[in-house]
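Source: prediction; values computed, not measured. Chain identifiers are assigned alphabetically (A, B, ...) following the order of the sequence lines, protein sequences preceding nucleic acid strands; residue numbering begins at 1 within each chain.
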2 protein chains.
Amino acid sequence: MQDKIILGLLLDGDKSSYDIKKNMEMSTGFFYNSSQGSIQPALKKLLQNGHVTFSEEHQGARVKKVYAITKEGEKEFIEWADEAISLEKPRDPALVKMFFSNYVELDRKLEMIEEYLHEIKIVIATMKTMEQISLEQIKNSKQALDNEKIKSRLATLQFGMDYYIFLNEWYEKYLRQLKNDN
Amino acid sequence: MQDKIILGLLLDGDKSSYDIKKNMEMSTGFFYNSSQGSIQPALKKLLQNGHVTFSEEHQGARVKKVYAITKEGEKEFIEWADEAISLEKPRDPALVKMFFSNYVELDRKLEMIEEYLHEIKIVIATMKTMEQISLEQIKNSKQALDNEKIKSRLATLQFGMDYYIFLNEWYEKYLRQLKNDN
DNA sequence: ACTTGCATGTAAGTCGTTACATGATTGT
DNA sequence: ACAATCATGTAACGACTTACATGCAAGT
């Protein structure tokens, strides 16, 4: 997945490993974020496969490696993007805890869910801010931006917000149920 | 996570590695399912930590290893269950594809989402059947079952269904939007 | 002077996966 | 007889993570 994201980000323009990390944080970050220590070996592998190349930019004493996607990398990426979307399990540790929550005292369980809900609300607020910033940037941009690109990326952000809103509503309902039961 | 699920399942009763796998499939299976080849080394580690022990059951030529949770294992598990629930990112490859879907032709994109929706609907139907079976089993059971246990496990199943219903509704709405846009 | 940000990389470890390899038991 | 299911295990690999290690550049 990581390698596909790297290729996708390089399709938008050449980047250093540092830029890739920063870009990831601000774009796919809310659902997929790699550590810098894992981007490095991923780039190494992409170089070996011939999916990316790099050129060196000299800035005084510092040498910056700027990576670019190759024709083969582009082909690989487009093939992946065209493949069917596979339905994955919601591998969420929160569900494992809920499943075994009969081994937790009720008061503690309620407390845990309330803390969890608090975290969810923070994320929702953050994402709303992110969306506002994105929309502003698009409005203020004089460049002719790729419309389809903006749309798909905003849709993903929208999914993120809706997902956390779903979580919020679900756990709030569950909390009410637990309280009424006892 | 895997080790915690194994401990949790062993709290319900002693099991062989095979039984653990089967139990996992039918209980946490829809959100977390380990391969048999990964349960084996996990048990090895739990043995080394002293979190489980095993006894051998001889059935003719076959020797069955029955694992049981220890006092230390129980302590470890309860401590984990009591810890705050951490909010995880929805690490879903489908989102990565959506994010970069501007590189896919619109017709193919619509087709992919339709196929994805089809898979989601199958899962929802399967889970509804699973829920019915669970409810029947509870009704027909003469045993005094642990009420709290049943409740938390059904709640998890309910979360699963609601999650897939959310996915279904979200992608259906997105599909309508894409169609109206063009 | 000092902190923050830019910049690249390695090492060790975690947590899993798929595929392989083997064999006993039970039901049809 | 044979298929399905019970039963245990290894080997090779994948896809990361955290922590470490280093050093330049820019702003306050």
Under 3.5 Å, which N/O atoms of the protein pair with N/O atoms of nucleotides 26-28 of chain D?
none

Practice item. Give a yes/no answer on whether the side chain of A:Ser34 brings an N or O atom under 4.0 Å of OP1 or OP2 in D:dC16. Key: no
Check your understanding: Any side-chain N or O of B:Ser17 under 4.0 Å from OP1/OP2 of D:dT8?
Key -> yes
Review point. Which nucleotide in the list D:dT10, D:dA15, D:dT8 gets nearest to the side chain of A:Tyr32?
Key: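 Shortest atom-to-atom distance from the side chain points to D:dA15.
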Nearest-Å distance, [atom1] ([X]) to [atom2] ([N])?
X       : N      : atom1 : atom2 : answer
A:Leu43 : D:dC16 : CG    : P     : 13 Å
A:Ile6  : D:dA15 : CD1   : C1'   : 12 Å
B:Ile20 : D:dT8  : CD1   : C1'   : 12 Å
B:Asp19 : D:dT8  : CG    : C1'   : 13 Å
B:Lys22 : D:dA4  : NZ    : C1'   : 10 Å
B:Asn23 : D:dC6  : CG    : P     : 12 Å
B:Lys15 : D:dC6  : NZ    : P     : 15 Å
B:Gln40 : D:dA7  : CD    : C1'   : 9 Å

Counting only pairs under 3.5 Å, give me each side-chain donor-acceptor contact of residues 76-90 of chain B, with atom names and distances, residues two or more places apart or in other chains.
unit_1, atom_1, unit_2, atom_2, d
B:Ser86, OG, B:Glu88, OE2, 2.9
B:Lys89, NZ, A:Gly29, O, 3.2

**Study point:** Stretch residues 47-54 of chain B: residues that reach within less than 4.0 Å of DNA chain C through a heavy atom
**Key:** none
**Study point:** First encountered from the 5' end of DNA chain D, between B:Val66 and A:Met1
**Key:** B:Val66
Practice item. For B:Arg91 and for B:Val63, find the nucleotide of DNA chain D with the closest heavy atom, then tell me which residue's nucleotide is more 5'. Key: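 Final value for this comparison: B:Val63.
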**Study point:** Closest heavy-atom pair and its distance - B:Phe30, B:Ser27
**Key:** CD2-O, 4.2 Å
Which part of the nucleic acid, if any, lies within contact of [X], taking any heavy atom under 4.0 Å across all strands shown: a base, the sugar-phosphate backbone alone, or nothing?
X       : value
A:Asp3  : nothing
B:Lys21 : nothing
A:Ser16 : sugar-phosphate

Only counting residues at least two apart or in another chain, list the ones meeting side chain to side chain contact (heavy atoms under 4.5 Å, CB included) with [X].
X       : value
A:Phe54 : A:Leu47, A:Glu56, A:Lys65, A:Tyr67
A:Pro41 : none
B:Ser16 : B:Tyr18, B:Asp19, B:Lys64

Revision key, fill the gap. Note: chain A reaches DNA chain C at heavy-atom distances under 4.0 Å over the stretch, first to last nt, 5' to 3', of C:dG5 to C:dT17
Exercise for review: Would you work out how much the helix from C:dA1-D:dT28 to C:dT28-D:dA1 bends between its ends, with each end axis defined by five base pairs, to 10 degrees?
Suggested key: 30°
**Study point:** Min side-chain heavy-atom separation B:Leu135-B:Leu154 under 4.5 Å
**Key:** yes
Review point. Got A:Met24 and A:Ile39 here, is their nearest side-chain heavy-atom distance under 4.5 Å?
Key: yes
**Study point:** Salt-bridge criterion met for A:Lys71 and A:Glu74 (N-O under 4.0 Å)
**Key:**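 The answer is no: the pair does not qualify as a salt bridge.
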Check the interface with nucleotides 11-14 of chain D: list each N/O to N/O pair with the protein under 3.5 Å, or write none.
none

Rounded distance (nearest 0.5 Å) linking atom [atom1] of [X] with atom [atom2] of [Y]:
X        : Y        : atom1 : atom2 : value
A:Thr28  : A:Met1   : OG1   : CE    : 10.5 Å
B:Lys151 : A:Met98  : NZ    : CE    : 15.0 Å
A:Leu175 : A:Leu117 : CG    : CG    : 6.5 Å

Check your understanding: With sequence neighbours excluded, what pairs up with A:Glu25 under the side-chain hydrogen bond (donor to acceptor under 3.5 Å, both in side chains) test?
Key ->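 A:Glu25 satisfies side-chain hydrogen bond (donor to acceptor under 3.5 Å, both in side chains) with A:Lys21 only.
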Exercise for review: Please check if the side chain of B:Thr70 supplies one atom and the backbone of B:His51 the other of a donor-acceptor pair under 3.5 Å.
Suggested key: yes
Check your understanding: Where does the angle between the aromatic ring planes of A:Tyr171 and B:Phe159 fall among parallel (under 30°), tilted (30 to 60°) and perpendicular (over 60°)?
Key -> tilted
Please table the atom pairs, donor to acceptor, closer than 3.5 Å between any side-chain atom in residues 118-128 of chain A and protein atoms at least two apart or in another chain.
unit_1, atom_1, unit_2, atom_2, d
A:Lys121, NZ, A:Asn168, OD1, 2.9
A:Lys121, NZ, A:Glu172, OE2, 2.5
A:Thr126, OG1, A:Ile122, O, 2.8

Exercise for review: Tell me whether A:Ile165 is reachable from B:Tyr164 by hopping between hydrophobic residues (I, L, V, M, F, W, Y) whose side-chain heavy atoms are closer than 4.5 Å.
Suggested key: yes
Point to revise | All pairs passing side-chain hydrogen bond (donor to acceptor under 3.5 Å, both in side chains) where residues 100-114 of chain A contributes a residue, at least two apart | key: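 Checked against side-chain hydrogen bond (donor to acceptor under 3.5 Å, both in side chains) - neighbours excluded - the pairs reaching residues 100-114 of chain A are A:Ser101-A:Lys109, A:Tyr103-B:Asp12, A:Arg108-A:Glu111, A:Lys109-A:Tyr174, A:Glu114-A:Lys179.
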